[in-house]
Amino acid sequence: MLRNPAEKYRPFPTVRLTGRKWPSRTIERAPVWMSTDLRDGNQSLIEPMSIAQKLEFFETLVAIGFKEIEVGFPSASQTDFDFVRKLIDEKRIPDDVTIEVLVQSREELIARTFEALEGVPRAIVHLYNAIAPSFRKIVFNQSKDEVKALAVDGTRIIRQYADARPQTHWIYQYSPETFSMTELTFAREVCDAVAQTWRPTRDHKMIVNLPATVEAATPNVFADQVEWMDRNLGYRDSIVLSVHPHNDRGTAVAATELALMAGADRVEGCLFGNGERTGNVDIVTLAMNLYTQGVDPELDFSDIDAVRRVVERCNQIPVHPRHPYAGDLVFTAFSGSHQDAIRKGFAQQSPDAVWEVPYLPVDPADLGRSYDAVIRVNSQSGKGGSTYLLERGMGFTPPRRVQIEFSHAVQAVADQSGEEITGDAICALFTREYFETRGPAARVSATSVRWENRDISVAAPAGAESGAGSHAHAVAQAMTSVAGQPVEITSCEIQRTTDGRVAAFVGCRVGGQAVRYGVGVSDDEATAVVDAVVSGVNRAVWAPVDRRVAA
């Protein structure tokens, strides 16, 4: 890389626009969505889709709710031509869906395009030509007048072919390709000349599509360009103003959102951002961004994993695990502090309330995602993650000191393995730590315990002293009488598990050593308490010193 990149590169010029309105606007409704997965997305694939794959993808787009779908470039590809014919001949286009096809400004290509569309009820014919200075000079060696004439001549020819086929409802779209790198006055001049040739009306609008064919500036500059065109285009009330952003700078989503604030009515893009180079703008992210702001995107991603599987299968490109909303890991927290915040958010989130769970901008359930992968535990995790998985796997929430104590056991396993610990493994570890302890104490019944080989009756608390805590102290006193060292109860908490049983959590101190915690779960409270004391005492006697937690 150059030490002084200014020797080779120049900053993109800003737009001279006074009184810009887009910075103070918000997006209040969904734009018209146009999927170009089957055309722009398809032409970027190493192995373009077969007709069968295109059909599966088309049907998925229809199911999601797209009303405009660019299905190919039939004058440039026999596969695209055959696919368009299949859709029409087999009547696979729903009445509320309009297909779109791309064509260049050459009469033989336009004729071939209309041949592919013969008999279609509704269609958008999309003409494009590059108009930026670098393309005029380097690629085509054409003057401004020649570039404009190419657009106007193509429009005139398409008008003739459309008028000759009145049984179809024709919609015309013009794209000044490379718009974002073109002088705004010239872009308007070309678009106005095209509109003058087509003569759109308020009842029969044409589409002017403004491509950021190569994203070359910050999103605010693109928004300024769009607002300038929105203000200055002729026939504006008879035009659907569309944008087609690419993602070369990695800011296509932001540029599109600002463009909508700047006056755009329509967006062209691909699912998950497929497309040439770094891709087209990602319609999934755009739609879900609207959704999280309380705006109906008018697209259905309630089973986003199923959509992703179709796209991955047809494109033969995986969706990144960190891809917004759809990636495998986007609703997953490994960090202990994140896990704790999410767990507390879930605990306080009521079904009908405004969504307010920390670190989760959208409810995964709205996208058909389960909560199973929201919190996953590895060596970076803390007590919150383990507790969340215990809540889901065992049906209770350990008290905070039990959480802290158990997190040390989890951390030891995670550090040793260096791998993620699953929810099942967390529950199995908790079972070994608290339910399968071995030591001198054992339960005989709810009112009797054994210390080594000696059975001792537990004196039942009477009157006001009855209760779980008193019962735990009575068990401890019975053990003290034969253990040769004092057994103390420092805490006792009772919970109901999600399956209706009783969970008891008891803090125990044996012979003045550090407190260890015991857990018992049973159908009745007395048995659960005895099991918890037995668990705590055995852990206090036999558990490794480095896992102990001070009272």
Side-chain angles (χ1 to χ4, degrees), residues 1-27 31 40 44 128-148 151 174-192 208-233 241-264 266-270 273-282 285-286 289 324:
M1 296 178 65
L2 299 175
R3 295 182 63 85
N4 181 16
E7 295 175 354
K8 187 173 183 179
Y9 302 100
R10 295 291 181 269
F12 197 89
T14 58
V15 177
R16 300 181 66 178
L17 183 70
T18 58
R20 56 179 56 81
K21 296 180 179 180
W22 63 261
S24 60
R25 291 174 177 164
T26 57
I27 304 172
D40 202 341
S44 70
Y128 77 99
N129 69 310
I131 67 170
S134 58
F135 281 75
R136 298 194 307 258
K137 179 179 65 174
I138 299 170
V139 181
F140 302 115
N141 190 28
Q142 290 182 327
S143 66
K144 286 184 176 180
D145 287 343
E146 290 172 317
V147 167
K148 181 171 70 173
Y174 173 67
S175 288
E177 191 190 6
T178 63
F179 159 78
S180 59
M181 298 186 296
T182 301
E183 312 94 327
L184 284 172
T185 54
F186 182 59
R188 179 191 60 186
E189 180 182 339
V190 174
C191 291
D192 283 352
V208 171
N209 184 51
L210 305 178
T213 308
V214 177
E215 188 177 39
T218 51
N220 61 298
V221 173
F222 187 61
D224 280 351
Q225 292 173 322
V226 172
E227 183 166 337
W228 192 96
M229 291 291 282
D230 179 51
R231 293 184 189 183
N232 292 287
L233 272 178
L241 190 60
S242 177
V243 291
H244 179 111
H246 278 255
N247 196 41
D248 300 88
R249 291 173 55 90
T251 57
V253 168
T256 305
E257 291 178 327
L258 298 189
L260 290 172
M261 297 176 195
R266 179 177 181 268
V267 173
E268 297 190 352
C270 291
N274 183 42
E276 299 278 13
R277 302 178 312 281
T278 55
N280 291 263
V281 70
D282 174 13
T285 299
L286 283 169
N289 283 358

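Since the structure is predicted, the reported quantities are computational estimates derived from the model, not experimental observations.
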Close side-chain approach of V214 to T178, heavy-atom, < 4.5 Å: no

What I want to find out is whether K148 reaches E189 closely enough, with some N-O distance under 4.0 Å, to be called a salt bridge. yes

Using side-chain hydrogen bond (donor to acceptor under 3.5 Å, both in side chains) as the criterion, list what pairs up with R25, not counting sequence neighbours. none

How long is the gap from CZ on R20 to CZ on R231, to the nearest 0.5 Å? 8.0 Å

Of the non-hydrogen atoms in F222 and A255, which two are nearest, and what is the gap between them? CD2-O, 3.8 Å

Under a 4.5 Å cut-off applied to non-hydrogen side-chain atoms, are V267 and L260 in contact? yes

Listed partners of S175 passing side-chain hydrogen bond (donor to acceptor under 3.5 Å, both in side chains), at least two apart: H126, N209

How close do A151 and N129 get, counting heavy atoms only, and between which atoms? CB-OD1, 3.6 Å

When you compare the side chain of F12 with that of V221, does any pair of heavy atoms fall below 4.5 Å? yes

What's the shortest heavy-atom distance between V243 and A264, and which atoms? CG1-CB, 4.0 Å

Is L184 close to M229 at the side-chain level, that is, under 4.5 Å between some pair of heavy atoms? yes

Qualifying residue for side chain to side chain donor-acceptor pair (under 3.5 Å) with H244, from D40, T256, T213: D40

What pairs with E257 under side-chain hydrogen bond (donor to acceptor under 3.5 Å, both in side chains), at least two apart in sequence or on another chain? N289

Is V281 close to N247 at the side-chain level, that is, under 4.5 Å between some pair of heavy atoms? no

Test log, rule side chain to side chain donor-acceptor pair (under 3.5 Å), inputs E215 and T251: CA-CA 8 Å; E215 188 177 39; T251 57; 2.6 Å; yes

A259 versus A223, closest heavy-atom pair with distance: N-CB, 4.4 Å

Validation row: D248, R277 side chains within 4.5 angstrom (heavy atoms): yes

Can you check whether K21's main-chain N or O pairs, donor with acceptor, with E227's side chain at less than 3.5 Å? yes

Can you confirm whether Q225 sits close enough to W228 that some side-chain heavy atom of one is under 4.5 Å from a side-chain heavy atom of the other? no

So which heavy atom on N280 is nearest to which on G275, and how close? ND2-CA, 3.2 Å

Counting heavy atoms not belonging to R16, are there more than 12 under 6.0 Å from its CZ? no

When every non-hydrogen atom of E183 is compared with those of P133, the smallest separation belongs to OE2-CG, 3.5 Å

Do W22 and N220 meet the criterion of a side-chain donor-acceptor pair at a distance under 3.5 Å? no

Whether over 12 other heavy atoms sit under 6.0 Å from N4 CG: yes

Could you tell me whether the side chain of E276 reaches within less than 4.5 Å of the side chain of S44, counting heavy atoms only? yes

Given the rule in the side chain to side chain contact (heavy atoms under 4.5 Å, CB included) test, do L241 and V226 qualify, once you have shown the distances and angles that lead to the verdict? CA-CA 9 Å; L241 190 60; V226 172; 4.2 Å; yes

Looking at F186, does the NZ or CZ of R136 lie under 6.0 angstrom from its six-membered ring centre and within 45 degrees of the ring axis? yes

